[in-house]
Trainee: 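What follows is a single structure, and I will ask about it in a moment.
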2 protein chains.
Amino acid sequence: MAAVARAATTSDAFNAIAEPQRRDILALLRAGERPVTDLAQELGMSQPRASKHLRVLREVGLVRVRGAGKQRLYGLDARGLRPIHEWVGGFERFWNESFDRLDTYVRDLKQTRQEE
Amino acid sequence: MAAVARAATTSDAFNAIAEPQRRDILALLRAGERPVTDLAQELGMSQPRASKHLRVLREVGLVRVRGAGKQRLYGLDARGLRPIHEWVGGFERFWNESFDRLDTYVRDLKQTRQEE
DNA sequence: TTGACGTATTCCGTTATGGGAATACGATGG
DNA sequence: CCATCGTATTCCCATAACGGAATACGTCAA
């Protein structure tokens, strides 16, 4: 426990949605609650895997579980996505406006020789 | 090269912005182009570290570099954030609407005993 | 050329993540 | 109580990812 290594982890919404499969799960859940098996099958992944992803999603609060008899129904709790939407939204004017500036870059690149 | 292990990597915008420090960098760049040293200092991180983060951001296309004499100026290219904004936006109605549904959950939790 | 400055990269160590397989749990129906 | 279904967890592996420190590069000035 000397070096710090990886700083953050899969403990916030940003990280949670960085995983494609988790995004898929969230997307599916918009249609309504679903048991793990359902999701796993629909997404073509093993049940354990789906469970793991759901765990992460649950820990960050993007998903809720509800026991329904023998099953456990997972449901979406999108509130955690709002901060993300807002953060990204803070760049909205840039992805429209930035073209002028980009032209400058592009022009420059021809002599700067972009590495890689 | 048997087990696949981690599927995706830090090769897309979603992953890029999963890192708090990279988000900070992007935020700073909204003010305009900046050399690495500047960013590093302002964010209280070492120069190598800043360079590494900028590399990731560059590889996903969220940032552009431009050689300016002895320096290299980094600039924002927010276009890559748009898809993210849209994806997350797809959940907008849920973080407002979902309260009704949440009530159901909450009511249920009292008997289901949410683990952890 | 040499030196200096600004910046990128490499090497190393640590951590954590995603996946697979097997297994442990929990609840329900007999 | 037992078998079973649905689901979560554990164990293990391979890999990638951050961080730090040292170092290699590239460019410009003298």
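Because the structure is a prediction, the values reported are computed rather than measured. Sequence lines set the chain letters: A, B, ... in the order given, protein chains first and strands last, and positions in each chain run from 1.
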Trainee: So, does B:Y74 get its side chain near the phosphate of C:dA8, meaning an N or O under 4.0 Å from OP1 or OP2?
Mentor: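 Indeed, a polar side-chain atom of B:Y74 lies that close.
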Trainee: Looking only at side-chain N and O atoms, does A:R55 come under 4.0 Å of OP1 or OP2 in D:dA8?
Mentor: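 The answer is no; no side-chain N or O of A:R55 sits under 4.0 Å from OP1 or OP2.
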Trainee: Rounding to an integer number of Å, can you tell me how far B:Q21 CD sits from D:dG20 C1'?
Mentor: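 In whole Å, D:dG20 C1' and B:Q21 CD are 13 Å from each other.
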Trainee: What contact category does A:P48 fall into here, base, sugar-phosphate, or nothing, at under 4.0 angstrom with non-hydrogen atoms?
Mentor: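 Base contact.
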Trainee: Look only at the side chain of B:R22 and the backbone of B:A16, and say whether a donor-acceptor pair between them is shorter than 3.5 Å.
Mentor: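 Looks like yes, one N/O pair under 3.5 Å.
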Trainee: Using atom CG of B:D12 as one end and atom P of D:dA16 as the other, report the distance to the nearest whole Å.
Mentor: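 Nearest whole value for this atom pair: 14 Å.
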Trainee: Below 4.0 angstrom from OP1 or OP2 of D:dA17, is there any side-chain N or O of B:H53?
Mentor: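 Checking D:dA17 against B:H53, no side-chain N or O comes under 4.0 Å of OP1 or OP2.
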Trainee: If only atom types and distance count, is the side chain of A:R58 paired as donor or acceptor with the main-chain N or O of A:V63 below 3.5 Å?
Mentor: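 Judged by distance alone, no pair lies under 3.5 Å.
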Trainee: Is there, by distance only and without an angle test, a donor paired with an acceptor across the side chain of B:Q47 and the base of C:dA8 below 3.5 Å?
Mentor: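 For B:Q47, whose side chain was compared with the base of C:dA8, there is a donor-acceptor pair (under 3.5 Å).
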Trainee: Can a side chain N or O of A:R49 be found less than 4.0 Å away from OP1 or OP2 on C:dG20?
Mentor: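 It does, given that an N or O in the side chain of A:R49 lies less than 4.0 Å from OP1 or OP2 of C:dG20.
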Trainee: Measure CZ/A:R22 against C1'/C:dG18 and give the value in whole Å, please.
Mentor: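 So the two atoms are 9 Å apart, to the nearest Å.
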Trainee: Return the orientation label for the B:H85 and A:H85 ring planes: parallel under 30°, perpendicular over 60°, tilted otherwise.
Mentor: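 Aromatic pair B:H85/A:H85 classed parallel.
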Trainee: Whole Å only: how far is the CG atom of B:N15 from the P atom of C:dA16?
Mentor: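 For the pair B:N15 CG and C:dA16 P, the rounded distance is 17 Å.
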Trainee: Between atom CG in B:L73 and atom C1' in C:dG6, what is the gap in whole Å?
Mentor: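 Distance, rounded to whole Å: 11 Å.
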Trainee: For the pair made of CZ in A:R66 and P in D:dG6, what is the distance, rounded to whole Å?
Mentor: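 Atom CZ in A:R66 sits about 17 Å away from atom P in D:dG6.
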Trainee: For A:R34 and D:dG6, what is the distance between atoms CZ and P respectively, to the nearest whole Å?
Mentor: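 Value for this atom pair: 16 Å.
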Trainee: Ignoring hydrogens and geometry, is there a side-chain-to-backbone donor-acceptor pair from B:Q71 to B:L73 under 3.5 Å?
Mentor: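 Answer holds: no.
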Trainee: With distance as the sole test, does A:R34 use its side chain to make a donor-acceptor pair with the main-chain N or O of A:L39 at under 3.5 Å?
Mentor: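 A pair under 3.5 Å: no.
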Trainee: Given C:dA8, is OP1 or OP2 found less than 4.0 Å from the side-chain N or O atoms of B:R58?
Mentor: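 No, no such contact exists.
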Trainee: Does a nitrogen or oxygen in the side chain of B:R72 sit under 4.0 Å from OP1 or OP2 of C:dA8?
Mentor: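 Yes.
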Trainee: Rounded to whole Å, how long is the line connecting atom NZ of B:K52 with atom P of D:dG20?
Mentor: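 After rounding, the gap between these two atoms is 8 Å.
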Trainee: Report yes if at least one side-chain N or O of B:Q71 is closer than 4.0 Å to OP1 or OP2 of D:dC28; otherwise report no.
Mentor: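 It does not, given that no N or O in the side chain of B:Q71 lies less than 4.0 Å from OP1 or OP2 of D:dC28.
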Trainee: Which residue, A:K70 or A:L54, contacts DNA chain D at a nucleotide closer to its 5' end, judged by nearest heavy atom?
Mentor: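 So the residue in question is A:K70.
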